[in-house]
Amino acid sequence: MTTHVRTFLFFCFALLITASATARADDVPVPCRGTDMLAELQTRSPDAYKTVIEESRQTSNTEAVLWKIEKSGVAQSYLLGTMHLSDPRISRLSAREQDLIAHSKSVALEVADLSEKAVGEAMAKAGHLLLYTDGRTLNAQLSDDEFKVVQRLVKEAGMPEDASGLVKPWLVSMLLATSDCERKQVVAGAKVLDLQVAEEAKKHGLTVKGLETIEQQLESLASIADDQQVAMLKVGIKYADRTDDLMESLVQMYLRREIGAAMPFQLALAAESGVPASAFDDFKKGLLSDRNVRMRDAAEPLLQDGSAFIAVGALHLVGPTGLVALLRERGYTVTAVE
């Protein structure tokens with residue numbers, strides 16, 4: 001794998017999975033803001049909006065982002081749902097959360113080590129998951145106009161433009177999921193909530209543990225069937241000029257404790273793009289349901305030891321296959337806190 005490609009992939013993965021980046025001395029720019037597209041959908045397509053809200057209300061365990069975990073005989077633990085964005089409205093630890101971390105025996109995130117060395121080693125072993133190596137190309141699966149968007153994104157990320165056709169669709173979708181404004185924020189030193197948790201833990205002498213490895217996350221992303229990757233990418237390309245708006249929509253869902261609307265909203269946008277809901281089947285299974293089980297199993301030793309503080313993306317908490325439900329299935333009492 002060339003140095004250019006490895007650097008590009010490190011940037012994509014480290015920034016877009018956990019928004020971890022090396023801070024510079026520059027001033028942090030004005031916080032990113034956009035338009036809430038869910039509110040916009042209410043005016044543009046009332047029926048679609050109604051469906052999103054109904055499905056959100058039917059989704060269990062969406063009423064909080066901080067949950068208390070209890071089981072007889074062990075000290076209580078806590079589960080925090082985060083968003084991997086640096087927006088100050090959602091990226092600051094509350095006084096209560098800081099206190100909980102300070103009194104914890106262990107702290108865990110989705111991935112503990114996203115240093116350049118760790119990511120580089122994972123990438124070096126996983127080239128086949130990231131780039132086409134079998135003669136296929138991305139440009140052959142997109143229209144000319146769609147591929148031009150890919151070329152622009154790849155070039156802006158620092159990768160040779162002529163390599164655009166080799167990048168797998170899921171990786172480009174990751175680039176599309178984060179706006180230029182958010183990337184600048186992170187590079188300038190703004191920290192996502194997950195990183196705030198890690199820093200608070202280290203302040204109290206706690207070693208941050210990982211519930212997954214980088215390799216496992218890469219495998220989950222690459223496990224999505226190629227035709228579904230392409231379909232999802234097409235949706236992302238359609239809204240490529242509205243990334244700040246899409247991020248604002250997620251922030252508002254988080255603030256309103258309506259994170260259960262996130263997937264129905266995404267499916268509504270897909271429908272407007274002519275992409276069926278089935279294109280997201282592998283995403284929901286591989287990136288959510290299967291990973292939730294893996295993270296639950298990795299968290300259990302910490303929970304059995306008591307006084308654990310676990311922080312993962314908020315989408316991993318909700319619904320019948322979310323961590324809240326999975327922990328209850330194992331006999332834990334899980335109660336909404338805030």
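None of the values given here were measured: they were computed from a predicted structure.
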Please report the closest heavy-atom contact between Leu287 and His316, naming both atoms and the distance.
-> O-CE1, 3.3 Å
Val293, Leu211: one ILVMFWY side-chain cluster at the under-4.5 Å cut-off?
-> no
Would you give the length of the straight line joining atom CG of Asp47 to atom NZ of Lys50, rounded to the nearest 0.5 angstrom?
-> 7.5 Å
Got Val167 and Leu130 here, is their nearest side-chain heavy-atom distance under 4.5 Å?
-> no
For Glu182 and Leu85, indicate whether the former's side chain and the latter's backbone hold a donor-acceptor pair under 3.5 Å.
-> no
Quick one: does Asp99's side chain have a donor or acceptor within less than 3.5 Å of a partner on Ala95's backbone?
-> no
Looking at OG of Ser77 and CD of Gln304, how far apart are the two atoms once the value is rounded to the nearest 0.5 Å?
-> 10.5 Å
Other hydrophobic cluster members with Leu302, side-chain heavy atoms of Ile/Leu/Val/Met/Phe/Trp/Tyr under 4.5 Å, chained?
-> none
Take Glu200 and Gln98 through the side chain to side chain donor-acceptor pair (under 3.5 Å) test and state the conclusion after the steps.
-> CA-CA 7 Å; Glu200 191 70 21; Gln98 291 175 3; 4.7 Å; no
Is a donor on one side and an acceptor on the other found under 3.5 Å between the side chain of Ser220 and the backbone of Gln216?
-> yes
Could you go step by step and tell me if Glu121 and Lys125 meet the salt bridge (charged side-chain N to carboxylate O under 4.0 Å, His left out) rule?
-> CA-CA 7 Å; Glu121 290 175 352; Lys125 298 174 184 176; 5.7 Å; no
Provide the closest heavy-atom pair for Ala261 versus Ser56 in the form atom of the first, atom of the second, distance.
-> N-OG, 3.3 Å
From CZ (Phe283) to CD1 (Ile224), nearest 0.5 Å = 6.5 Å
Between Val150 and Leu138, which heavy-atom pair has the shortest distance, and what is it?
-> CG1-CD2, 3.9 Å
Do Val74 and Leu303 touch side chain to side chain, with heavy atoms closer than 4.5 Å?
-> no
Transitive ILVMFWY side-chain link Leu326 to Val318, under 4.5 Å = no
Intermediate values then yes/no, side chain to side chain contact (heavy atoms under 4.5 Å, CB included), Arg330 and Asp297 | CA-CA 10 Å; Arg330 286 293 176 90; Asp297 291 347; 3.6 Å; yes
side-chain hydrogen bond (donor to acceptor under 3.5 Å, both in side chains) pairs, two or more places apart, involving residues 61-70 | Asn61-Arg328
Under 4.5 Å between any side-chain heavy atoms of Leu233 and Ser173, yes or no?
-> yes
Output yes when Glu199 and Lys202 qualify as a salt bridge under the 4.0 Å nitrogen-oxygen rule, no when they do not.
-> no
Are Leu171 and Leu221 grouped together when hydrophobic residues (ILVMFWY) are joined by side-chain heavy atoms under 4.5 angstrom apart?
-> yes
Cation-pi check, Arg256 to Tyr254: give yes when NZ or CZ is under 6.0 Å from the six-membered ring centre and within 45° of the ring axis, no otherwise.
-> no
Are any of the side-chain nitrogens in Arg152 or Glu156 under 4.0 Å away from the carboxylate oxygens of its partner?
-> yes
Less than 4.5 Å apart, any side-chain heavy atom of Arg136 and any of Asp226?
-> yes
Will you find, in the side chains of Gln58 and Glu54, an N or O donor that is under 3.5 Å from an N or O acceptor?
-> no
Could you please spell out the steps behind the side chain to side chain contact (heavy atoms under 4.5 Å, CB included) verdict for Leu100 and Leu66?
-> CA-CA 11 Å; Leu100 291 174; Leu66 180 64; 4.1 Å; yes
Audit row: Leu317, Ile259, side chain to side chain contact (heavy atoms under 4.5 Å, CB included) steps and yes/no | CA-CA 9 Å; Leu317 273 57; Ile259 201 66; over 6 Å; no
Kindly indicate, with the supporting measurements, whether the criterion side chain to side chain contact (heavy atoms under 4.5 Å, CB included) is fulfilled by Arg96 and Val337.
-> CA-CA 10 Å; Arg96 181 173 194 170; Val337 176; 3.3 Å; yes
Passes side chain to side chain donor-acceptor pair (under 3.5 Å), Ser143 versus Asp145? Steps please.
-> CA-CA 5 Å; Ser143 70; Asp145 287 342; 5.5 Å; no
Smallest heavy-atom separation, Ser104 atom then Phe309 atom, equals OG-CB, 3.5 Å
Do Leu288 and Thr321 come within less than 4.5 Å of each other through their side chains, counting heavy atoms only?
-> no
Indicate yes or no: at least one non-hydrogen side-chain atom of Leu269 is less than 4.5 angstrom from one of Leu246.
-> yes
Using a strict 4.0 Å threshold on nitrogen-to-oxygen distance, state whether Lys238 and Glu272 make a salt bridge.
-> no
Flag the pair Phe280 / Gln228 as yes when at least one side-chain heavy-atom distance between them is below 4.5 Å, and no otherwise.
-> no
Let me know which of Asp244, Thr243, Asp241 forms a side chain to side chain donor-acceptor pair (under 3.5 Å) with Ser179.
-> Asp244
Can you establish whether the number of heavy atoms outside Lys284 located under 6.0 Å from its atom NZ is more than 12?
-> yes
Check whether Leu142 and Leu176 end up in the same hydrophobic cluster, where Ile, Leu, Val, Met, Phe, Trp and Tyr are linked by side-chain heavy atoms less than 4.5 Å apart.
-> yes
Distance (rounded to the nearest 0.5 Å) between Lys191 NZ and Leu93 CG | 12.0 Å
Can you tell me how far CZ of Phe147 sits from CD of Gln141, rounded to the nearest 0.5 angstrom?
-> 10.5 Å
To the nearest 0.5 Å, atom NE2 of His84 lies from atom CG of Leu315 at 9.0 Å
Look only at the side chain of Ser249 and the backbone of Met37, and say whether a donor-acceptor pair between them is shorter than 3.5 Å.
-> yes
Provide the closest heavy-atom pair for Asp87 versus Cys32 in the form atom of the first, atom of the second, distance.
-> OD2-O, 3.7 Å
Are any of the side-chain heavy atoms of Ile310 and Leu323 separated by less than 4.5 Å?
-> no
In short, Ala225 meets Asp282 closest at the heavy-atom pair N-OD2, 2.9 Å
Short question: side chain of Glu110, backbone of Val312 - any donor-acceptor pair under 3.5 Å?
-> no
Looking only at atom types and distance, does a side-chain atom of Lys209 sit under 3.5 Å from a main-chain N or O of Ser106, one as donor and one as acceptor?
-> no
So does Lys71 pair up with Glu300, basic N to acidic O under 4.0 Å?
-> no
Atom CZ of Arg92 with >12 non-hydrogen neighbours under 6.0 angstrom | no
